[in-house]
Amino acid sequence: MIHNFREGNVVQHVKTGGHYRIIGYATLEKTLEGHVVYQSLQDALMWLRPMREMFDGRFVKISDSLEAYNVSTNVLVEAPPICKTNEEK
């Protein structure tokens, strides 16, 4: 399987139009299946999706980085925090 998304890339979900930042890759312990960890640019929620679904056409890369995304859209999006503490929730 070709990994055409890299850490930091910004992707768009084709069906919903949502924009997400690729955080990295992970392996599900129970099945050893590869997954992609990604974060919503709208609400900072973190998501985990099997690689086979991530690379089957449901997502398209729209930017190499969050910085380039900001320049291309003329909208400043700050990188959401990777995780929130109990005080921030």
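Hydrophobic clustering (ILVMFWY, side-chain heavy atoms < 4.5 Å, transitive): M54 and L45 are in one cluster.
To the nearest 0.5 Å, atom CG of residue L32 and atom NZ of residue K30 are 12.0 Å apart. Taking NE2 of H19 as the reference point, atom NE2 of H13 lies at 12.0 Å (rounded to 0.5 Å). Atoms CD and CZ, on Q12 and R58 in that order, are 15.5 Å from each other to the nearest 0.5 Å.
Using the six-membered ring where Trp is involved, Y20 and F59 have ring planes that are perpendicular, over 60° apart on the 30 and 60° scheme.
Within the 3.5 Å criterion, the main-chain N or O of M46 finds no donor-acceptor partner in the side chain of Q39. Using a distance-only test at 3.5 Å, with no hydrogens or angles considered, a donor-acceptor pair links the side chain of S40 to the main chain of Q42.
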Decide side chain to side chain contact (heavy atoms under 4.5 Å, CB included) for I23 and E7; before the verdict, give the C-alpha distance in whole Å, the side-chain angles of both, and the deciding distance to 0.1 Å. CA-CA 5 Å; I23 302 299; E7 184 178 317; 6.0 Å; no
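Of all heavy-atom pairs spanning V60 and V14, the tightest one is CG1-CG2, 4.0 Å. In terms of heavy atoms, L48 sits closest to V37 at CD1-CG2, 3.7 Å. N9 and N4 make their closest contact through OD1-O, 4.2 Å (heavy atoms, listed as atom of the first residue, atom of the second, distance). Residues S63 and S65 share a closest heavy-atom pair of OG-O, 2.8 Å. Contact record, V11 with K61: CG1-CA, 4.0 Å, taken as the closest heavy-atom pair.
Within a 6.0 Å sphere centred on CD of E33, other residues, nucleotides and ligands contribute more than 12 heavy atoms.
Ring to ring, Y38 and F5 are not that close: their centroids are 6.0 angstrom or more apart.
The shortest distance between side-chain heavy atoms of V36 and W47 does not fall below 4.5 Å.
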